[in-house]
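Right, one structure below, let's go through it.
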Amino acid sequence: MPRQHKLRKPGHGEKLGFWWRLTWIVLYVPFGALTKLRYHRLDGIPRTGPAIVIVNHISHADPMLVARFVLDAARVPRFLAKKSIFEVPVVGRAMHGMGHIPVRRGTADAAESLSAAVDALRQGRLILLHPEGTVTRDPHWWPMSARTGAARLALLAPDVPVIPLGQWGVQDVVDLYHKKDHRHDDG
């Protein structure tokens with residue numbers, strides 16, 4: 001398969017705010033130097049308008065790689081992410097500044113996140129979520145049973161395209177649940 005060219009070029013795509021630019025410099029530039037990313041169907045992400053992207057969750061490094069994919073498609077992702085991440089001092093401020101949406105999993109307040117996601121979709125934003133709600137614990141990295149959030153969001157925004165996205169490979173590098181860190185493996 002031929003290499004996909006990034007769609008984000010100066011002056012094209014959604015504008016990156018302060019926190020996204022800072023994250024790009026601090027995380028994505030060094031992470032990009034340490035990883036080899038191969039994209040298939042980068043053009044499957046709509047260039048404009050609202051979209052819901054659902055993706056399997058196989059590693060704690062997923063958000064960085066998936067965000068990089070969406071950013072390279074010239075869009076800015078807004079993740080639905082567990083509330084506890086937003087409670088980490090600097091990280092939480094950055095998450096809010098980038099437009100991510102906290103989810104209070106397992107509570108009656110969890111529906112508030114869907115309301116915030118629908119509002120973002122009405123503004124033409126791209127919402128990204130992992131249907132399982134957490135990194136898979138399956139020993140072969142198969143997706144776990146999905147929670148209802150992705151389906152409920154699709155029902156609340158019936159005219160918005162839902163784009164399935166699959167990823168593979170990062171679990172071979174960072175696999176915290178199976179207690180494996182392969183960054184320094186020789187084979």
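Please read these numbers as outputs of a predicted model, since none were measured by experiment.
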(request) Grab the two heavy atoms, one from Trp20 and one from Ala67, that are nearest each other, plus how far apart they are. (result) CH2-CB, 4.2 Å
(message) Test your reading of the model: is there a side-chain donor-acceptor pair from Arg21 to the backbone of Leu16, 3.5 Å cut-off?
(response) yes
(message) Ignoring hydrogens, what is the shortest heavy-atom contact between Pro46 and Ala51? Give both atom names and the distance.
(response) CG-CB, 4.0 Å
(request) Quick one: do Leu128 and Val70 satisfy side chain to side chain contact (heavy atoms under 4.5 Å, CB included)? Show the steps, please. (result) CA-CA 9 Å; Leu128 198 149; Val70 173; 3.7 Å; yes
(message) Going by side chain to side chain donor-acceptor pair (under 3.5 Å), name the pairs with one or both residues in residues 114-126, residues two or more places apart or in two chains.
(response) Asp119-Arg122
(request) Would you check, one step at a time, whether the test side chain to side chain contact (heavy atoms under 4.5 Å, CB included) holds for Leu153 with Val118? (result) CA-CA 7 Å; Leu153 182 57; Val118 169; 3.8 Å; yes
(message) Tell me whether Leu165 shares a hydrophobic cluster with Leu126, the cluster being built from Ile, Leu, Val, Met, Phe, Trp, Tyr side chains joined at under 4.5 Å.
(response) yes
(request) Indicate the atoms forming the closest heavy-atom contact of Arg152 with Ala111, along with that distance. (result) NH2-CB, 3.8 Å
(request) Supply the atom-to-atom distance Leu121 CG to Arg78 CZ, rounded to the nearest 0.5 angstrom. (result) 10.5 Å
(message) Testing the basics here: between Leu80 and Ala117, what is the closest heavy-atom pair and its distance to 0.1 Å?
(response) CD2-CB, 4.2 Å
(request) Determine whether Pro77 and Leu71 make a side-chain contact, defined as any pair of heavy atoms from C-beta on separated by less than 4.5 Å. (result) yes
Let me check something: any side-chain donor-acceptor pairs from residues 88-104 under 3.5 Å, sequence neighbours excluded? List them with distances.
from, atom 1, to, atom 2, distance (Å)
His100, ND1, Phe79, N, 2.9

(message) Is there a path of hydrophobic side-chain contacts, each under 4.5 Å between heavy atoms, that joins Leu129 and Leu155?
(response) no
(request) Starting from the C-alpha separation in whole Å, work towards a yes-or-no answer on side chain to side chain contact (heavy atoms under 4.5 Å, CB included) for Ile163 and Ile54. (result) CA-CA 6 Å; Ile163 301 144; Ile54 57 171; over 6 Å; no
(message) Using the side chain to side chain contact (heavy atoms under 4.5 Å, CB included) criterion, which residues pair with Ser84? Sequence neighbours excluded.
(response) Lys82, Glu87
(request) Measure the shortest side-chain to side-chain distance between Leu114 and Leu156 over non-hydrogen atoms and say whether it is less than 4.5 angstrom. (result) yes
(message) How close do Arg75 and Ile45 get, counting heavy atoms only, and between which atoms?
(response) CG-CG2, 3.8 Å
